[in-house]
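It should be emphasised that the depicted structure is a prediction, and the values quoted were computed from it without experimental measurement.
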Amino acid sequence: MGFQDDSKHSVQQATDIVELVGEHVALKRQGREFVGLCPFHDDHSPSMHVVPDKQIYKCFSCGAGGDVFAFVMNYHRMSFPEALAHLAQRAGIELAPPDPGARRQADQRQRLLETHQRVAAYFQKMLLDTQVGAEAREYLSGRGISDEMVHSFSIGLAPAGWSSLLEFARQRKWSTEDLEAAGLLLRSEKTGNPYDRFRNRLIFPIADAMGRPIAFGGRKLDPADEPKYLNSPEHALFDKSATLYGLHLARSAMIQTRRAVIVEGYTDVIGCHQAGACNVVATLGTALTPRHAAMLRRYVEQVALVFDGDEAGQKAADRALEVFLREELDVAIAVLPDGLDPADLLASEGGSQRWQQAIEGATDALEYQFQRLGGAMRQRSTVTGRQQAVEAFIQSLVRAGLDAIHPLRRAMVQRRLGELTGLAESTVASMLRAAAPRRRVGTDRPAATAAGAGASPSRPQGGDSVEPGGPGAPEAAAAGESSQDQAPAGVEDEPALSSTPLTPRMRGLLAAQRQIVGSLLCEPMLFCRTLPDGLALDEAVTPSEIVGPDMAALYEQLYNRLIDGGRQVLAALLADLGEQGRGDLIELATDCERQMQQQRQRQPELFHVVFEDAVACVRRYHQQRRYERMRQAGAAGSDLEQLLRRVAEHNRPRIPTRMPQVSPAAFGPAPGAPAPPGGPSPAGASQDR
């Protein structure tokens, strides 16, 4: 979808920021402004100001601020395209795709949305029918599900009979083709006639993050029917590996608690919400996937997987280990006492306290595995038996992706293994290296690819699988490798990135590049910031020095927009990328920006330090590579004096061939600077959207 500047302007003009913010925060008029408790930090006295005439908001405590797009992006953890689409729909504005193919796809998605909304209303009507819904209502009452929960989760009923929905749809002239596309109608293999997929089942609508029904789950009411649960098939709106049941109702509580709790079924989620545990969701017949993790990272820092027995907990730990190792998300295992399921535990005496104890005492997925290893070693009395247990454990770590995780986490694994086994860390490191397969970037592991090389859908940022580190982290990672490491394409005569081992040095470089891009999207005036050595960024890091095709393409467009004096950087950049059909770069840009926004919210005083360290890391990498080539040239016959002159020439500050046509003042005051008279300034917060 192409996001045009005129569409953005139309949506912005149609959205009143006071009304928008007031839907989520209680606002009180104060002169020409409105004030309320800031939802982006633990605010106890109103510190967020909403300025109607400027259509911005600003918190003078945590620094959050911006326009209507910034508010939706930060509050709902959306990317800019998602926020634009949401506000457009809210304002009744249609965003036209740029080409007929995209238009057809958008029309199909819209028809599917409308179909699911109509059918969800039909199922709810059937549940409330005095005669048709009697058995289903009795079942809900027996399970202790209140009328309030029935309404909140839009629970319904698919009546018995092969064509109840079909006949209802025909009476109202609904499209049977759309019902088939949604998987709500099937066709007989013998006659070719359509019939209902869901029959005599309690219906649980499955909603997207905005609360719109996109699929259905049905539980049997007749014990003789099979299977017990039946879900909609996947389609253009519904991907079960990226959908969580109850997310739209749990999102607010998840943001407040910074934790998501995942249980096994629909009624478990409903029972938890009814008992007040509202940060609970469920996967849809799948294990926790990287795509679930990528979505949950928008809201939480930890995920607790709840299971009702030790054996199930061990299996859950096995499935969760890969997500724990590869994603920027802590995953913990909580096993409930006495084999109770969540709804039964919460309904029991003292259940809320026991539930909270189980969640707070959840063991992270890796430590859970370490505890299992410790138990296995205690059960084996021979050296050979213990050796086999350790080797099997190491193999499980390797299969889960240990060779692709952040160096800090890998070091923690090595240290903990050393403690458990009594082996030196160097020995453990050797065993891990021996077990690790020799992987190449862009081959069979999307989570470990470099920018643009076979990125996984769950890692749209280019899939370099590098966590943005704190101050100095990229620099340390890059400096810690031998100068003989291979380097990627884009650096003169070096080999292609897709054929390069992802060394810690390279991880540091990729992380630093992401931090630079994310920092510029958060705060464009950094482009004109004077670095410690006196250079500005346009001199220090040029597009030709960025590694990886996707990141290089993104940085080049960002660099050119900044050097030409662009102000609304993120919005304009995303519009350009949309017109080019570069959805991958849109996701990469929004993910980089999101990560650095989170960094700034957590540690605002270190935001500029992280940026400068990232720039230093990139420059040091290229300096080392150039020095290596100079040294090799010297060894091949150049005399020492000539080599030293080349090194000195290389280290001399470069004069830019093209100066930026904008001053820092054009971007407005830096975050935290005093606001001009008349209220907080939109610059720096809203203008870069």
Side-chain angles (χ1 to χ4, degrees), residues 115-116 118-147 149-151 153-171 174 176 178-207 213-235 238 240-241 243-246 263-271 274 282-287 307-309 312 341-344:
T115 297
H116 282 89
R118 290 171 177 171
V119 174
Y122 162 76
F123 286 147
Q124 292 166 52
K125 179 180 179 180
M126 293 298 100
L127 178 66
L128 298 177
D129 185 275
T130 305
Q131 296 180 344
V132 176
E135 181 183 357
R137 292 196 303 274
E138 183 179 350
Y139 171 83
L140 290 170
S141 177
R143 290 295 303 262
I145 297 176
S146 68
D147 291 342
M149 290 296 103
V150 171
H151 175 74
F153 285 88
S154 303
I155 300 174
L157 170 69
W162 289 90
S163 58
S164 299
L165 172 60
L166 176 62
E167 292 172 2
F168 187 87
R170 283 174 171 169
Q171 290 173 5
W174 295 355
T176 56
D178 289 343
L179 290 170
E180 285 189 68
L184 294 165
L185 293 182
L186 301 174
R187 286 195 175 269
S188 168
E189 294 182 1
K190 293 182 178 179
T191 65
N193 295 326
Y195 64 93
D196 295 354
R197 173 184 290 271
F198 296 104
R199 305 178 303 280
N200 196 26
R201 287 180 179 269
L202 196 66
I203 296 296
F204 300 91
I206 300 166
I214 58 172
F216 299 99
R219 189 203 186 278
K220 68 179 184 180
L221 292 172
D222 184 346
D225 288 342
E226 291 297 338
K228 182 177 181 180
Y229 283 97
L230 180 66
N231 286 343
S232 294
E234 294 187 340
H235 51 68
F238 177 48
K240 64 181 180 181
S241 66
T243 305
L244 293 166
Y245 178 72
V263 296
E264 293 185 286
Y266 305 119
T267 55
D268 286 337
V269 173
I270 295 169
Q274 184 168 310
T283 56
L284 299 171
T286 68
F307 294 88
D308 55 7
D341 63 31
D344 291 340

Among all residues two or more places apart in sequence or in another chain, which pass the side chain to side chain donor-acceptor pair (under 3.5 Å) test with Lys220?
->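 By the side chain to side chain donor-acceptor pair (under 3.5 Å) rule, Lys220 matches Glu226.
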Nearest heavy atoms of [X] and [Y], plus distance in Å:
X      : Y      : result
Arg201 : Gly218 : NH1-O, 3.2 Å
Asp268 : Glu264 : OD2-N, 4.0 Å
Phe198 : Gly217 : CE2-C, 4.4 Å
Ala282 : Gly265 : CB-O, 3.9 Å
Ala343 : Gly271 : CB-CA, 4.3 Å

Roughly how far, to the nearest 0.5 Å, is the [atom2] atom of [Y] from the [atom1] atom of [X]?
X      : Y      : atom1 : atom2 : value
Asn200 : Asp222 : CG    : CG    : 6.0 Å
Leu165 : Arg199 : CG    : CZ    : 11.5 Å
Asp196 : Trp162 : CG    : CH2   : 9.5 Å
Leu127 : Glu135 : CG    : CD    : 11.5 Å
Leu157 : Ile203 : CG    : CD1   : 7.5 Å
Lys240 : Ile206 : NZ    : CD1   : 10.0 Å

For a 4.5 angstrom cut-off between non-hydrogen side-chain atoms, does [X] reach [Y]?
X      : Y      : value
Tyr139 : Arg219 : yes
Thr267 : Arg143 : yes
Asp225 : Leu230 : no
Leu244 : Thr283 : yes
Ile270 : Phe204 : yes
Val119 : Leu179 : yes
Phe123 : Ser154 : no
Pro233 : Arg197 : yes

Ring centroid separation for Tyr229 and Tyr266, is it under 6.0 angstrom?
-> yes
Let me check something: any side-chain donor-acceptor pairs from residues 182-195 under 3.5 Å, sequence neighbours excluded? List them with distances.
from	atom 1	to	atom 2	distance (Å)
Arg187	NE	Glu180	OE1	3.1
Arg187	NE	Glu180	OE2	3.1
Arg187	NH1	Gly192	O	2.7
Arg187	NH2	Glu180	OE2	2.9
Ser188	OG	Lys190	N	3.2
Ser188	OG	Thr191	N	3.3
Ser188	OG	Thr191	OG1	3.3
Thr191	OG1	Asn193	N	3.2
Thr191	OG1	Asn193	ND2	3.3

Could you give all pairs that pass the side-chain hydrogen bond (donor to acceptor under 3.5 Å, both in side chains) test and reach residues 123-132, with sequence neighbours left out?
->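 Residue pairs passing side-chain hydrogen bond (donor to acceptor under 3.5 Å, both in side chains), neighbours aside: none found.
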Test item: Ser163 side-chain N/O and Leu166 main-chain N/O as donor-acceptor pair under 3.5 Å = no
Donor-acceptor under 3.5 Å (His116 side chain, Ala207 main chain) | no
When you look at Leu284 and Tyr245, which way does the side-chain contact (heavy atoms from CB on, under 4.5 Å) test go after all the steps?
-> CA-CA 7 Å; Leu284 299 171; Tyr245 178 72; 3.9 Å; yes
Answer with yes or no whether the side chains of Tyr122 and Arg118 bring together a donor and an acceptor at under 3.5 Å.
-> no
